[in-house]
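Take a look at the structure below.
Throughout, residue positions are numbered sequentially from 1 according to the sequence presented. When reading the values below, keep in mind they use all heavy atoms of this one structure, side chains included, and skip hydrogens, waters and symmetry mates. In this text the structure is predicted, and so the values were computed from the model without any measurement.
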Amino acid sequence: MRLRTAFAFAYGALALAGCTTPTAPAPPGADARPAPVAETIRGTATYLERIKMPPGASLRVELVDAGSGRTLSTSLMRDVAGPPIPFAIARPAGASPAAGYALRALLLGPRGERWFETPAPVAVPGTYPVELRLRRVATGESAAPPTPAGVAHWECGELGVMSRYEAGAARVQLAFNGHRLALPIARSASGARYADARGNEFWTKGATGRLALAGEPARDCVEAAQPSPWNTAAQQGVAFRAVGSEPGWSVQVAGTPAMLDAQLDYGERRLRVPVTAVQNGFEGEADGKPLHLRAERRACQDGMSGQSFEATVTLEAGGRTYRGCGAWLQD
């Protein structure tokens, strides 16, 4: 198995190098040959969910100027499956941005639909390979509302964190995976630091920072271009959200009267049905069969991502049972 995996990686990297194209167009009348290449940057793109991409999926990687965000070259890997997905992209000769280089990636379905993406450009290190961690794009949902003033989004390790500064920045409200944490401002030699007596701390300086949750290792943070799916759902007024794996599934409950939206079996099956709130969950009917969503207020850890949630969830729909983790997103 290891030999076959190594051979597939080597073969894919050699083949993909030929798919890399600097994006700068040639001036009128100039030779249409590709721009000179200084080196080839290699790496892998991965994501936490145990989801195999459908046939015809592709990975698009861009090399960008870390300062301006201008695209310097692109690379398209076709017919990719599950992670890790190897990629290779050219760094054009003569391109030396003062702020350095960064990579961003988008994993597309066979019809061009967005499945996974980097939440923020990833700085290119001095050595290769580079690992790009992608985050699931919430398909079928409307775009997140505009970010209000004083609100920022962060990628802190595996957590998507939303920060909201209050009372003249004397306190910060953090939201992640349905959890909420308020921290008062604390003394700091540089940057903005918020901490409490229990060991929770959030420190930022510019577009980078650090999050320490009591009893857990500190996480490095980088400012993200968009909110996490959990914070997007919270901004949209979703009351409850849950996810699970094997097979991959997600569910959201929102509105008055309440509607349940579910993507089941790795997105192959979708449900949208009215439900009634009951003790510890919701009930309804799907495809002529009873639907039950049970959410026990018992700590749950997602086996794939390692993230912690406040509720252990069981969904019974269409004669199948799905298990996962969830959270209430509204006060």
Side-chain angles (χ1 to χ4, degrees), residues 12-13 16 19-21 23 40-53 57-78 80-91 97 99-109 112-139 141 143-144 147 152-163 176-177 204 206-211 219-232 243 248 304-307:
L16 296 175
C19 299
T20 303
T21 307
T23 58
T40 299
I41 300 170
R42 302 184 186 278
T44 58
T46 186
Y47 49 85
L48 295 174
E49 291 86 346
R50 188 170 295 175
I51 297 177
K52 182 179 180 180
M53 295 297 294
S58 60
L59 174 71
R60 177 185 175 89
V61 179
E62 296 181 347
L63 180 69
V64 301
D65 180 329
S68 67
R70 181 173 65 90
T71 301
L72 303 174
S73 64
T74 62
S75 183
L76 184 66
M77 279 54 69
R78 302 181 185 276
V80 301
I85 303 170
F87 69 84
I89 187 167
R91 178 173 71 82
Y101 301 93
L103 293 168
R104 57 191 177 206
L106 182 63
L107 190 53
L108 302 169
E113 64 274 22
R114 299 157 64 96
W115 279 60
F116 292 88
E117 64 184 2
T118 46
V122 178
V124 177
T127 58
Y128 309 138
V130 183
E131 182 180 358
L132 303 180
R133 295 187 65 179
L134 310 184
R135 170 173 288 175
R136 183 71 187 268
V137 176
T139 56
E141 300 173 3
T147 300
H153 301 286
W154 306 86
E155 183 82 4
C156 300
E158 81 285 4
L159 293 180
V161 178
M162 180 170 63
S163 63
F176 51 93
N177 292 0
T204 62
T208 60
R210 183 179 61 251
L211 173 67
R219 297 168 170 87
D220 290 329
C221 302
V222 61
E223 192 166 5
Q226 63 181 29
S228 72
W230 293 89
N231 288 327
T232 295
V243 297
M304 292 299 298
S305 67
Q307 298 181 38

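The two atoms that bring Pro83 and Thr46 nearest to each other are CB-OG1, 3.5 Å, heavy atoms only. A pairwise comparison of heavy atoms in Leu63 and Ala90 identifies CD2-O, 3.6 Å as the closest pair. The two residues Ala45 and Leu134 have their closest heavy-atom pair at CB-CD1, 4.2 Å. The shortest heavy-atom contact between Ser58 and Arg78 is CB-CA, 4.1 Å. The nearest pair of heavy atoms linking Asn231 to Phe176 is OD1-N, 4.2 Å.
With a 6.0 Å cutoff to the six-membered ring centre and a 45° limit on the axis angle, Arg136 counts as a cation-pi contact of Phe116.
The pair Arg133-Glu131 fails the salt-bridge criterion, with no side-chain N (NZ, NE, NH1 or NH2) lying under 4.0 Å from an Asp/Glu carboxylate O. Checked for salt-bridge contact, Arg135 and Glu155 meet the test: a charged N lies under 4.0 Å from a carboxylate O.
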Q.
Run Arg60 and Thr74 through side-chain contact (heavy atoms from CB on, under 4.5 Å) and show every step you take.
A. CA-CA 7 Å; Arg60 177 185 175 89; Thr74 62; 3.5 Å; yes

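At a cut-off of 3.5 Å, with distance as the only test, no side-chain donor of Arg210 or Thr204 sits close to an acceptor on the other residue.
A distance-only check finds no donor-acceptor pair linking the side chain of Thr71 to the backbone of Ser73 [under 3.5 Å].
Thr44 contributes atom OG1, which lies 7.0 Å from atom CG of Leu132 (distance to the nearest 0.5 angstrom).
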